[in-house]
Every structure is written in C-alpha cells, then in structure tokens.
Amino acid sequence: MITKTITDFDIRQTADSGQCFRLNERQDGSYALVAGGRYLEISQRGGEITFSCTGTEFETLWRSYFDLDTDYAGMKESVDPADDYMRTAISFGGGIRILRQELWETLVTFIISQQNNIPRIKKCVESLCAQFGERRENYRGEPYYTFPSPSVLGRLPDEALDSIHLGYRSKYILKTARMVEEGAVDLSAIQKLKYEEAKAELMKCYGVGVKVAECVCLFALHHIDAFPVDTHIRKVILTHYPSGFPLNRYRGFAGVLQQYAFYYDVHGAG
DNA sequence: TGACAGGTACATG
DNA sequence: CATGTACCTGTC
C-alpha cells in the first residue's frame, strides 16, 4: 500500500473515459485494474490516492501508466478562455489522465470497440482474457487473467473466438494477431515511430482503420496530438464547433481535449 | 421491431 | 477519390 497526493487526477473519471476496458469499480468504491500482467487496486479520497502496491512497483510501473509526470494543469490553462464548451468539459472531467497502456492490448481492445458499446466491450475483453490469458492470483487470493499475447492469439484456428461473441471482429483480431506473429507488423518498431508513421503502420493491420489507429496512438503510444473522431466527437464538433475543431490552436495536446469532450458528451448532463 | 453502439473492408461511380 | 453497403451481437 502506498498513498500519494496527486492533482488533476480522478480515478472514476479516468475509468469511465472509455480509453481503458479493464479498470473497473469495485463494491466498496475503489477501482481494480489488470495491466502489464499485474493487478492493482486504487482508491481515492480527494487528492489522496492509495495504490495497493509497493513503493517500488508504483515508481517502476504505475507512475508512468497513469501518466503522473505530465503537466495536465498547464494544458488545461492553455485552453482558449472563449472556448466555452471545452471549459465546461474540463470542469466536468478535468481529472482524466491519458493512460500509457500496452500496445498489443490497446490494439485488440479497440478493434473490439468498433460498432460496440462499452459494457459489451468490457465483457468481450474479460472473456478473451479468461479463455486465453494467463491465470494469476491477486493479493486477496482471487484469480485474475492477463491479456493474451500475440503468439497465443495468432496460433488460434479461425473458430477459436466463437465463444467470445465478437461477431465480425473475430477475423480482424485473428488476422492482426497472425500479422504480428509473422512479423508483417512489428509492434516494438511502432513504439519508436512518430505519430503519423505509427498510425500508418497500425493501419496495415486487418480491421484497423483511421479511428482505431488514432485511439491506439493516443492511449498506448501517448501521441497526445492524435485526435480520434468517433460518433460522439463528430456530434460534439457538429453542435459546438460548426466551423471545425480548432486543431491548429490545440496542436500538441488535442487528444487530451478530445478525451474531456468525449467524457462530457457521454456522461455530462446536456 | 428496428436502430444503435467510440468502424472497417470492399465494391462501385 | 468520394460515396454506399454489409457486417456480429446485445440491448432498449
């Protein structure tokens, strides 16, 4: 257990921001997460965040995962004072952090996300992990499952995912896994590429278009200038930015603002 | 009942 | 290159 005082951080907002599908609320209001093969519980009271891990693990894994060394206050302050929609979105969900998730897991989960809703995405991801991931035990003695590797998924026969009910996304995942397994797509090379190049490489994967590639760039590779446009963001732009979203003004961190806008559109009042 | 959910591949003009 | 359409599945 380790407790930290952290500003511009809200675990609930981050969990509900749609960027991550394995960060879930527990009965007692804390949150549980499986990432990097590890299990973590997070609880928050105001600015005090408690993590169920050692100080060493916090420093080596979770500080980076939750992006705690990035200056979110500065980004928020540089939003146009006349940009009423973004100001409101920030006051509503300004505790969101852009996580640094694993590339392979993010790629697969966002393939699953297409034409899908968040509860069902989560169900699919959990089934996938339970069937093909590694079973481990958390500190409570409860089982959890890691995310299955490209080599595990890439060697599966075509019908292996039928029981997960992924629909047409099954063939996207299997083909993409086989491409990674065969070396047609090199994930470790993609880690080193700039945003536009990484996006182009990711789009070589079968079932990965512009939107999924941009989500992977933003939520795994931390290219925070990536700006995924989905049905929600399309609606926000149409309604509140009739002359287009000011990408020019917000160059360099537009993806962070995209998350504020997405969260506000999905969870906000109006 | 049918539209919809954080889209994409593939076929046309 | 821009537009149209089929696609799995579950929920309301």
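The figures that follow rest on heavy atoms only: side chains count, while hydrogens, waters and symmetry mates do not. Residue numbering restarts at 1 for every chain, and letters A, B, ... go by the order of the sequence lines.
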- Task: Carefully, step by step, assess A/Tyr250 and A/Phe245 under the rule ring-ring contact (aromatic ring centres under 6.0 Å, His included).
- Result: CA-CA 9 Å; A/Tyr250 297 138; A/Phe245 190 80; 5.8 Å; yes
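Going from the P atom of B/dC4 to that of C/dA6 covers 16 Å, rounded to whole Å. Between the P atoms of C/dT5 and B/dA3, the separation comes to 14 Å (whole Å). With both ends at atom C1', the span from B/dA5 to C/dC8 equals 12 Å, rounded to whole Å.
Using a 4.0 Å heavy-atom cutoff across all strands shown, A/Val210 reaches sugar-phosphate atoms only and no base atom. A/Cys124 comes within 4.0 angstrom of nothing in the nucleic acid, heavy atoms only. Contacts of A/Gly18 with the nucleic acid, taken as non-hydrogen atoms under 4.0 Å apart, include base atoms. No contact: A/Pro119 has no heavy atom under 4.0 Å from any strand.
Not one N or O on the side chain of A/Thr176 forms a donor-acceptor pair closer than 3.5 Å with the backbone of A/Ile173. At distances below 3.5 Å, not a single donor-acceptor pair connects side-chain atoms of A/Glu134 with backbone N or O atoms of A/Pro148. With hydrogens and angles disregarded, a donor-acceptor distance shorter than 3.5 Å links the side chain of A/Gln44 to the backbone of A/Gly46. Between the side chain of A/Gln13 and the backbone N or O of A/Gly95 there is at least one donor-acceptor pair closer than 3.5 Å. Of the possible polar contacts, none joining the A/Ser30 side chain to the A/Arg26 backbone as a donor-acceptor pair under 3.5 Å is found.
DNA chain B is contacted by both A/Phe219 and A/Val208; A/Phe219 maps to the nucleotide lying nearer its 5′ end (nearest heavy atom per residue).
With 3.5 Å as the limit, one finds a donor-acceptor pair spanning the side chains of A/Arg135 and A/Tyr145. Between the side chains of A/Ser149 and A/Ser151, at least one donor-acceptor pair of N or O atoms lies under 3.5 Å. No side-chain N or O of A/Arg120 forms a donor-acceptor pair with one of A/Asn117 less than 3.5 Å apart. Using modelled atom types, one finds no donor on one side chain facing an acceptor on the other under 3.5 Å when comparing A/Asp265 with A/Tyr85. Between the side chains of A/Asp67 and A/Thr70, at least one donor N or O lies within less than 3.5 Å of an accepting N or O.
Among residue pairs with one or both ends in residues 8-30 of chain A, those qualifying as ring-ring contact (aromatic ring centres under 6.0 Å, His included) are A/Phe9-A/Phe66, A/Phe21-A/Phe110; sequence neighbours excluded. Residue pairs meeting the side chain to side chain donor-acceptor pair (under 3.5 Å) criterion with at least one member in residues 160-169 of chain A, sequence neighbours excluded: A/Gln131-A/Ser163.
In terms of heavy atoms, A/Leu99 sits closest to A/Cys20 at CD1-CB, 3.7 Å.
For DNA chain B, none of the residues of residues 91-102 of chain A falls under the heavy-atom distance limit of 4.0 Å. Of the residues in residues 245-262 of chain A, none has a non-hydrogen atom less than 4.0 angstrom from any atom of DNA chain C. Near DNA chain C, defined here as any heavy-atom distance below 4.0 Å, the residues from residues 158-184 of chain A are A/His165, A/Leu166, A/Gly167, A/Tyr168, A/Arg169, A/Lys171, listed numerically. For the contact set between residues 103-116 of chain A and DNA chain B, defined by any heavy atom under 4.0 Å, the members are A/Ser113, A/Gln114, A/Gln115, A/Asn116.
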- Dot-bracket assigned to DNA chain B with the 3.5 Å Watson-Crick/G-U criterion, [ ] for crossing and | for other-strand pairs, is .||||.|||||||
Is there any protein nitrogen or oxygen under 3.5 Å from a nitrogen or oxygen in nucleotides 2-4 of chain C, and what are the pairs?
none

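A salt bridge is defined here as a Lys NZ or Arg NE, NH1 or NH2 lying under 4.0 Å from an Asp or Glu carboxylate O, and A/Glu59 with A/Arg63 meets this definition. Ion pairing between a basic and an acidic side chain is recognised when a charged N comes within 4.0 Å of a carboxylate O; A/Lys204 and A/Glu201 show such pairing.
Remark: A/Asp186 pairs with A/Ser188, A/Ala189 by the side chain to side chain contact (heavy atoms under 4.5 Å, CB included) rule, at least two apart or across chains. Legend: residues meeting side chain to side chain contact (heavy atoms under 4.5 Å, CB included) with A/Ala177, ordered by chain and number and at least two apart, are A/Trp104, A/Leu153. The side chain to side chain contact (heavy atoms under 4.5 Å, CB included) check on A/Ser52 picks up A/Met1, A/Leu40, A/Glu41, A/Tyr139, with sequence neighbours excluded.
Here the P atom of nucleotide C/dT11 and the CD1 atom of A/Ile118 are 16 Å apart, to the nearest Å.
Distance check, rounded to the nearest 0.5 Å: CG of A/Asn24 to NZ of A/Lys122 gives 4.0 Å.
For the salt bridge (Lys or Arg N to Asp or Glu O under 4.0 Å) criterion with A/Lys76, the lone passing option out of A/Asp83, A/Asp71, A/Asp8 is A/Asp8.
Using a 4.0 Å cutoff to heavy atoms of chain A, the contacted part of DNA chain B runs 5' to 3' from B/dA5 to B/dC10.
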